[in-house]
Amino acid sequence: MPKAKKKISFTKIIVVLLLLWGGIKLYNYYQAQNAINYAAIPNPTSKEISKPELMAFLPVWSDYMQQNISELGKRPVSLASGAPEDNLSDEAKEWLLHRLWYPKRFFYVEQRLRSILKTIDQQEQSNALIADLSRQYEEVSAQQSQNITPDPKLTSQMSSIQNMIHLQQQKQNVEQISDAEIKLITPMKSAVRDALYKYQHN
């Protein structure tokens with residue numbers, strides 16, 4: 001009987017060791033599967049946004065907003081206390097890293113897209129206003145050309161219109177957005193705007 005007990009005890013030890021070994025293997029597998037592959041994460045430093053970067057950003061941003069990732073770890077983002085990436089919880093940072101985005105670049109692209117959309121809107125409004133002002137200038141100039149002696153009032157009016165046109169031209173790209181970015185976003189501005197603002201939290 002004593003020998004049987006020893007045999008049972010030895011078997012239990014083997015089972016425990018096997019379970020422990022299996023647990024370690026499973027843990028290591030889980031760690032490997034969830035490890036962040038930094039080498040695979042793009043790290044562009046350019047001021048401009050490329051088309052591949054834009055197309056990679058849009059679906060991740062939609063997921064980020066829908067799942068309210070900024071609230072992971074119950075640490076909400078506060079723009080008043082620093083850059084968005086500085087306010088993210090570790091869980092939220094890991095979420096972005098697993099989706100091949102460094103938090104700093106992720107939020108840079110977001111803000112850059114907002115600036116591009118704003119610039120496109122301003123340019124469209126300014127171009128419409130400039131076209132209207134140009135027509136007014138031509139009309140006043142035509143009136144002035146009929147006078148033998150230039151009319152001071154018309155001269156002043158023409159100068160005022162020119163100043164307004166110049167002012168509108170100066171306001172068109174205060175964000176210093178490149179022509180390439182304008183051309184990239186303009187055809188798909190509705191889709192970009194929808195992605196950025198559709199799930200905006202109030």
Side-chain angles (χ1 to χ4, degrees), residues 21-127 170-202:
W21 179 81
I24 292 173
K25 282 288 187 180
L26 187 61
Y27 175 78
N28 290 337
Y29 176 78
Y30 175 81
Q31 289 291 93
Q33 289 295 106
N34 288 276
I36 297 169
N37 185 4
Y38 288 95
I41 304 176
N43 191 26
T45 57
S46 61
K47 186 177 181 180
E48 296 182 15
I49 297 172
S50 65
K51 185 172 183 179
E53 190 174 30
L54 169 67
M55 302 313 292
F57 171 83
L58 293 177
V60 178
W61 176 260
S62 293
D63 288 345
Y64 176 86
M65 294 302 292
Q66 288 183 71
Q67 299 177 35
N68 199 15
I69 299 302
S70 65
E71 298 293 339
L72 273 178
K74 297 183 179 179
R75 184 181 170 192
V77 171
S78 172
L79 295 178
S81 61
E85 63 270 15
D86 296 331
N87 290 279
L88 285 183
S89 65
D90 291 339
E91 293 92 336
K93 290 178 181 177
E94 288 182 9
W95 187 92
L96 286 173
L97 290 169
H98 277 298
R99 283 153 185 80
L100 305 181
W101 280 96
Y102 285 107
K104 184 176 182 179
R105 185 65 182 184
F106 184 72
F107 291 107
Y108 172 82
V109 171
E110 177 222 346
Q111 293 301 317
R112 186 72 174 177
L113 286 175
R114 293 183 192 276
S115 295
I116 294 171
L117 289 174
K118 181 180 178 182
T119 297
I120 292 173
D121 290 342
Q122 287 178 336
Q123 286 188 353
E124 291 177 348
Q125 294 169 6
S126 291
N127 287 336
Q170 286 184 319
K171 290 168 59 178
Q172 280 199 338
N173 196 356
V174 294
E175 304 285 348
Q176 297 183 341
I177 303 301
S178 70
D179 291 340
E181 288 172 304
I182 296 292
K183 290 178 181 178
L184 171 64
I185 301 301
T186 297
M188 52 188 304
K189 64 178 183 178
S190 295
V192 173
R193 196 187 308 276
D194 185 58
L196 284 177
Y197 294 100
K198 183 176 182 180
Y199 301 102
Q200 189 73 54
H201 300 308
N202 297 322

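We count residues from 1, following the sequence as given.
- Between Glu48 atom CD and Asp179 atom CG the span is 9.0 Å, to the nearest 0.5 Å.
- A heavy-atom distance below 4.5 Å is found between the side chains of Leu113 and Leu54.
- The closest side-chain heavy-atom distance from Ile177 to Gln122 is not below 4.5 Å.
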List the atom pairs, donor and acceptor, that lie under 3.5 Å between side-chain atoms in residues 180-188 and the rest of the protein, sequence neighbours left out.
from, atom 1, to, atom 2, distance (Å)
Glu181, OE1, Arg112, NH2, 2.7
Glu181, OE1, Ser178, N, 3.2
Glu181, OE1, Ser178, OG, 3.0
Glu181, OE2, Ile49, N, 2.9
Glu181, OE2, Arg112, NE, 3.0
Thr186, OG1, Ile182, O, 2.6

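- In terms of heavy-atom proximity, Pro103 sits nearest to Leu97 at CD-CD2, 4.2 Å.
- The backbone N or O of Glu110 sits nowhere less than 3.5 Å from a side-chain atom of Trp61 that would complete a donor-acceptor pair.
- Between Arg105 and Ser46 the shortest heavy-atom distance is NH1-O, 2.8 Å.
- In this structure, the side chains of Phe106 and Arg99 stay at 4.5 Å or more apart for every pair of heavy atoms.
- Taking NZ of Lys104 as the start and CG of Leu88 as the end, the distance is 14.0 Å to the nearest 0.5 Å.
- When side chains are defined from C-beta on, Asp63 counts as touching Trp95, because their heavy atoms get closer than 4.5 Å.
- For the pair Arg114 and Tyr197, the distance from NZ or CZ to the six-membered ring centre is under 6.0 Å and the angle to the ring normal is within 45 degrees.
- Dense packing is recorded around CD of Gln170, with more than 12 heavy atoms of other residues, nucleotides or ligands lying under 6.0 Å away.
- Side-chain N or O atoms of Asn127 include one that pairs as donor or acceptor with a backbone N or O of Gln123 at under 3.5 Å.
- Atom CG of Leu96 and atom OH of Tyr64 lie 6.5 Å apart (nearest 0.5 Å).
- Put simply, the side chain of Phe57 does not reach to within 4.5 Å of the side chain of Val192, judged on heavy atoms.
- Using a 4.5 Å heavy-atom threshold, the side chains of Pro44 and Glu53 count as touching.
- When side chains are defined from C-beta on, Val109 counts as touching Trp101, because their heavy atoms get closer than 4.5 Å.
- In terms of the side chain to side chain donor-acceptor pair (under 3.5 Å) criterion, residue partners of Ser126 (sequence neighbours excluded) are, by chain and number, Gln168.
- Note that OG of Ser62 and CG of Leu196 are 8.5 Å apart. Values are rounded to the nearest 0.5 Å.
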Under the ring-ring contact (aromatic ring centres under 6.0 Å, His included) rule, what do Tyr108 and Tyr102 come out as? Steps first, then yes or no, please. CA-CA 10 Å; Tyr108 172 82; Tyr102 285 107; over 10 Å; no

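- Contact of the Ile36 side chain with the Ile41 side chain is registered, since non-hydrogen atoms from C-beta on lie closer than 4.5 Å.
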